[in-house]
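Proteins get letters first, then strands, A, B, ... in listed order; numbering begins at 1 in each.
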2 protein chains.
Amino acid sequence: MTLNRRLAAKAARLLPEHKPPGSPGLILEAALKLFAERGYAAASVREIAAASGLKPATIYGHYPSKEHILAELCRVGHEEQNRSVRAAVLNSGADPRDQIVAYVRAHVGMHTSFPMLAVVANAELHVLSAELGAATFSLREQSERLLGEIIQRGLDRGVFHVPNAWLAVAAIGGMGLRVAYWYSPEYRLEPHEVADVYAEYALRILAVKTDPSAGL
Amino acid sequence: MTLNRRLAAKAARLLPEHKPPGSPGLILEAALKLFAERGYAAASVREIAAASGLKPATIYGHYPSKEHILAELCRVGHEEQNRSVRAAVLNSGADPRDQIVAYVRAHVGMHTSFPMLAVVANAELHVLSAELGAATFSLREQSERLLGEIIQRGLDRGVFHVPNAWLAVAAIGGMGLRVAYWYSPEYRLEPHEVADVYAEYALRILAVKTDPSAGL
DNA sequence: CGAACGAACGAACGATCGTTCGGATGCGTG
DNA sequence: CACGCATCCGAACGATCGTTCGTTCGTTCG
């Protein structure tokens, strides 16, 4: 179970709208897999090239540097996460409880659907220079603030009960983040099962009074 | 807030009982800081040597390889974590609820007290060969199994209510893990505050019926 | 047909990597 | 003083790193 691998997922996955056509897309996909499995610093441009069916020199015809490839992956990952949770919350009505459920479901869903993208976008982000990471930092802050605002609204309305809104953000965000490392499609658990259970956990953390007849 | 750093902590911390005297201790401490901030692959032996006040060649008089230094840090980190949670649980009586509180408090306490050690021991573990990582893997599995057994006992006794014990382990463990990345001693939050709140969150995740008069 | 162009490549650049080796230095013990 | 022993270091090893340069190739378009 606890194997000597960084994450359980074995295949890189990139949405068509985030994967440019042709060689740039192949490069991005190969880099995603290598960055996720070995880490940015331990993955060489030569390995990325080989995995893309190209030669190292060709990479630089499509990306100015190795760091730019990482920056693109981080941006894409955070963009997908931000887009996902924002859409989910907007579709969930005005009740903070529904919004939390929508947010956590989308957040966890992102980490089960794109585990490699999530791992790279979060664990390798610190490598980026302030300039190359600016877009990603902004997206990350947006998502975090959205969760914070939902929780604050729930507190103001008296439907949530936690001593510290920020600690709830950290706890709910943190447990979702970790999913990307252990989730594998060949698991006994379907993505929606994980998402549903984690959404329930989030409600419990926030001490929402639930219908006892709903059972476990 | 969301700065371009891997973790918020700024100083490496190593318990005296885990820090060998003399140069080996200095090397271990310097490597801890560099591995935590930049990652194992991005930190060079020359940097570790400079930070220890030594020359690169001297490192190899105390450790056979760079990987052995990481292996030692991972082992120390997981040993401290394992020792801490085991002691806490043993001191907490037979009630699974008390055991969960003790476990989570110790677990979170480890991540606030030794954030760099926790980050390195968890995020860089995958680098180690099966041989060099064996001791660490064993400790990690022990800790995880202990948490799983506590939760299972609580389920059997009917004091916990979750649909899936493993998902609860993942959620509770995951939210604690993440603390090491954002916690900083210069925060407004004391370590015990974080630990107490997270212990409460764990109880809520497990749907323990608490005294409503206890407030938030 | 021939000019223009983007994509891909072979080869090499300087830099840095982990690591090794032989020797210098200091110190406690005979 | 002479010795053994551990510590430390200067210098260098081969390997690999990210990146660049000049060129070749196939396609497109006038």
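Note on Leu54(A): only backbone sugar-phosphate atoms sit closer than 4.0 angstrom, heavy atoms only; bases stay farther off. Within the 4.0 angstrom heavy-atom criterion, no nucleotide atom of any strand lies near Ala42(A). Nucleic acid contact class of Ala43(A) (heavy atoms, under 4.0 Å, all strands): sugar-phosphate only.
Residue Ser44(B) places no side-chain N or O under 4.0 Å from the OP1 or OP2 atom of dT16(C). Contact annotation: Thr58(A) does not reach the phosphate of dA7(C) (side-chain N/O to OP1 or OP2, under 4.0 Å). For Lys55(A), no side-chain nitrogen or oxygen approaches OP1 or OP2 of dA8(C) to under 4.0 Å. Phosphate proximity of dA8(C) to Ser23(A): present, with a side-chain N or O under 4.0 Å from OP1 or OP2. Within the 4.0 Å cut-off from OP1 or OP2 of dC8(D), at least one side-chain nitrogen or oxygen of His62(B) is found.
Taking the six-membered ring where the residue is Trp, Tyr198(B) and Trp182(B) present tilted rings, their angle falling between 30° and 60°.
Looking at the side chain of Ala57(B), the nearest of the listed nucleotides dA12(D), dA11(C), dC9(D) is dC9(D).
Contact check for Glu79(A) versus His18(A): side-chain heavy atoms found under the 4.5 Å cut-off. By the 4.5 Å heavy-atom criterion applied to side chains, Phe35(B) and Ile48(B) are counted as neighbours.
Salt-bridge annotation for Arg6(B) and Glu124(B): present, with a side-chain N of the basic residue lying under 4.0 Å from a carboxylate O of the acidic one. Using a cutoff of 4.0 Å between basic side-chain nitrogens and carboxylate oxygens, Glu29(B) and Lys33(B) are not scored as salt-bridged.
Both Gly61(A) and Arg46(A) lie near DNA chain C, and the one whose nearest nucleotide falls closer to the 5' end is Gly61(A).
Across the strands present, dA7(C) finds its partner in dT24(D); the criterion is a Watson-Crick or G-U wobble pair with both atom distances under 3.5 angstrom. Under the Watson-Crick or G-U wobble criterion, with both distances below 3.5 Å, dT7(D) is paired with dA24(C). The pairing partner recorded for dG30(D) is dC1(C), the criterion being a Watson-Crick or G-U wobble arrangement whose two distances lie under 3.5 angstrom.
When the P atom of dG6(C) is taken as reference, atom CD1 of Ile59(A) falls 19 Å away, rounded to whole Å. With rounding to whole Å, Leu26(A) atom CG is found 9 Å from dA8(C) atom P. Rounded to whole Å, atom C1' of dG18(D) lies 14 Å from atom CG of Leu70(A). Between the P atom of dT16(C) and the CD1 atom of Ile48(B) lies a distance of 17 Å, rounded to the nearest Å. Lys66(B) has its NZ atom 8 Å from the P atom of dT19(C), to the nearest Å. In this structure, CG of Leu34(A) is placed 16 Å from C1' of dT16(D), rounded to the nearest angstrom. In this structure, the OH atom of Tyr60(A) is 19 Å from the P atom of dA12(C), given to the nearest Å.
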